[in-house]
Amino acid sequence: MNQEQLVYVDGKFVERSKAVVSVFDHGLLYGDGVFEGIRAYDGNVYRLADHIDRLYDSAKVIRLKVPLAKDEMTDAVLETLRRNGLRDAYIRLVVTRGTGDLGVNPTLCKNPTVFIITEPMASVLGPTEPKVVRVIYSSYRRDVVDGTSHEIKSLNYMNSILAKMEATNAGADDAILLDHRGFVSEASVSNVFLVKDGKLSTPSSAAGILHGITRARIISLCSYLGLEVAERDVTPFELNTADEAFLAGTKAEILAVGSISGVDIGTGAAGPVTKRLFVEFNKAVRNPEEGTTVYEAESVSA
Ligand code: PXG
């Protein structure tokens with residue numbers, strides 16, 4: 001594609017190199033804003049309605065009034081993809097508090113900033129096998145639910161960034177954060193599952209997790225497949241001694257966890273339940289019924 005990709009900024013489509021926000025935007029000054037990371041698979045935006053709902057829930061909790069109705073936001077996402085001719089894409093949808101003064105108080109920020117970045121991104125889901133990653137336990141604890149809770153998908157990602165840097169520094173792919181009590185919470189930008197004796201477990205809301213859309217889909221896939229899933233407190237001991245563990249998120253899709261801080265999980269390779277869910281999830285994301293179609297049928301090129 002020769003033409004520069006376009007970014008939606010406050011209702012206008014702007015060339016990527018010219019897409020900017022003010023240095024007085026509180027999204028930049030204070031991390032005051034919310035976002036979503038979304039994928040499109042073959043012209044269908046996976047679970048777009050769920051992402052839009054979560055965005056508006058995050059905004060509600062920080063008392064940020066999104067200047068578009070949900071259907072207008074949906075149209076803006078689809079139009080950005082169309083204008084960029086993208087079928088397999090990553091979508092970053094951001095709403096910031098907007099410009100204000102040099103003070104943390106947001107009341108002077110009158111107009112929230114909305115921008116939508118789309119880029120080509122092919123799925124990492126291969127036809128058969130999930131990728132295996134090595135992770136560590138981070139020394140940073142997940143933010144608490146009565147603090148800067150990750151239930152809010154806010155622009156404040158320092159907690160995850162510190163953990164991710166720690167992982168990179170240790171030569172690992174990612175880090176799992178524990179919550180303030182010492183229970184397993186989540187990885188930097190994905191949720192955690194374990195499999196023991198054929199049953200799955202995943203940390204519950206109490207552990208300060210983001211309510212992942214991939215996590216929710218895996219739980220419903222498990223129920224369809226007749227697999228049991230418990231949402232509960234998980235100790236590091238339980239995770240270390242699991243038969244299998246995997247990470248789930250929009251960007252990660254499904255990644256098998258081979259080891260955590262040097263302890264092999266199961267055989268250290270992707271286990272049978274992880275592989276099965278990987279295949280099923282792969283099918284789900286490509287099912288047009290699970291997505292919001294970007295292109296009208298007549299405009300789809302062969
Ligand atoms: N936990 C956290 C803290 C996240 O940020 C997930 C779990 C998984 O949620 P979903 O709804 O995606 O299944 C996330 C998701 C990025 C990026 O560019 C981050 C996420 C999603 C997409 C892209 O870093 N975070």
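All of these numbers come straight from a predicted model, not from anything done at the bench. Remember, it's 1-based here, ligands and their atoms both numbered in the order they're listed.
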Identify the protein atoms, limited to N or O, that lie within less than 3.5 Å of an N or O atom of ligand 1, and list each pair with its distance to 0.1 Å.
residue: ligand 1; atom: 1 (N); partner: Glu186; partner atom: OE1; Å: 2.6
residue: ligand 1; atom: 5 (O); partner: Lys153; partner atom: NZ; Å: 3.2
residue: ligand 1; atom: 5 (O); partner: Tyr157; partner atom: OH; Å: 2.5
residue: ligand 1; atom: 11 (O); partner: Arg54; partner atom: NH1; Å: 2.8
residue: ligand 1; atom: 11 (O); partner: Arg54; partner atom: NH2; Å: 3.0
residue: ligand 1; atom: 11 (O); partner: Ile213; partner atom: N; Å: 2.8
residue: ligand 1; atom: 12 (O); partner: Thr250; partner atom: N; Å: 2.9
residue: ligand 1; atom: 12 (O); partner: Thr250; partner atom: OG1; Å: 2.4
residue: ligand 1; atom: 13 (O); partner: Ile213; partner atom: N; Å: 3.3
residue: ligand 1; atom: 13 (O); partner: Thr214; partner atom: N; Å: 2.9
residue: ligand 1; atom: 13 (O); partner: Thr214; partner atom: OG1; Å: 2.6
residue: ligand 1; atom: 18 (O); partner: Tyr90; partner atom: OH; Å: 3.0
residue: ligand 1; atom: 18 (O); partner: Arg92; partner atom: NH2; Å: 2.7
residue: ligand 1; atom: 18 (O); partner: Lys251; partner atom: NZ; Å: 3.2
residue: ligand 1; atom: 25 (N); partner: Lys153; partner atom: NZ; Å: 3.0

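Within the structure, salt bridge (Lys or Arg N to Asp or Glu O under 4.0 Å) contacts touching residues 255-272 (residues at least two apart or in different chains) do not occur. Within the structure, every pair that satisfies the ring-ring contact (aromatic ring centres under 6.0 Å, His included) test and touches residues 205-251, not counting sequence neighbours, is listed here: Phe193-Phe246.
The existence of a salt bridge linking Arg215 and Glu231 is confirmed by a sub-4.0 Å separation between a basic side-chain nitrogen and an acidic carboxylate oxygen. Taking a cutoff of 4.0 Å between a charged side-chain nitrogen and a carboxylate oxygen, Arg276 and Glu244 do not qualify as a salt bridge.
A donor atom on one side chain and an acceptor atom on the other are found under 3.5 Å apart for Ser220 and Arg217.
With sequence neighbours left out, the side-chain hydrogen bond (donor to acceptor under 3.5 Å, both in side chains) criterion links Lys199 to no other residue.
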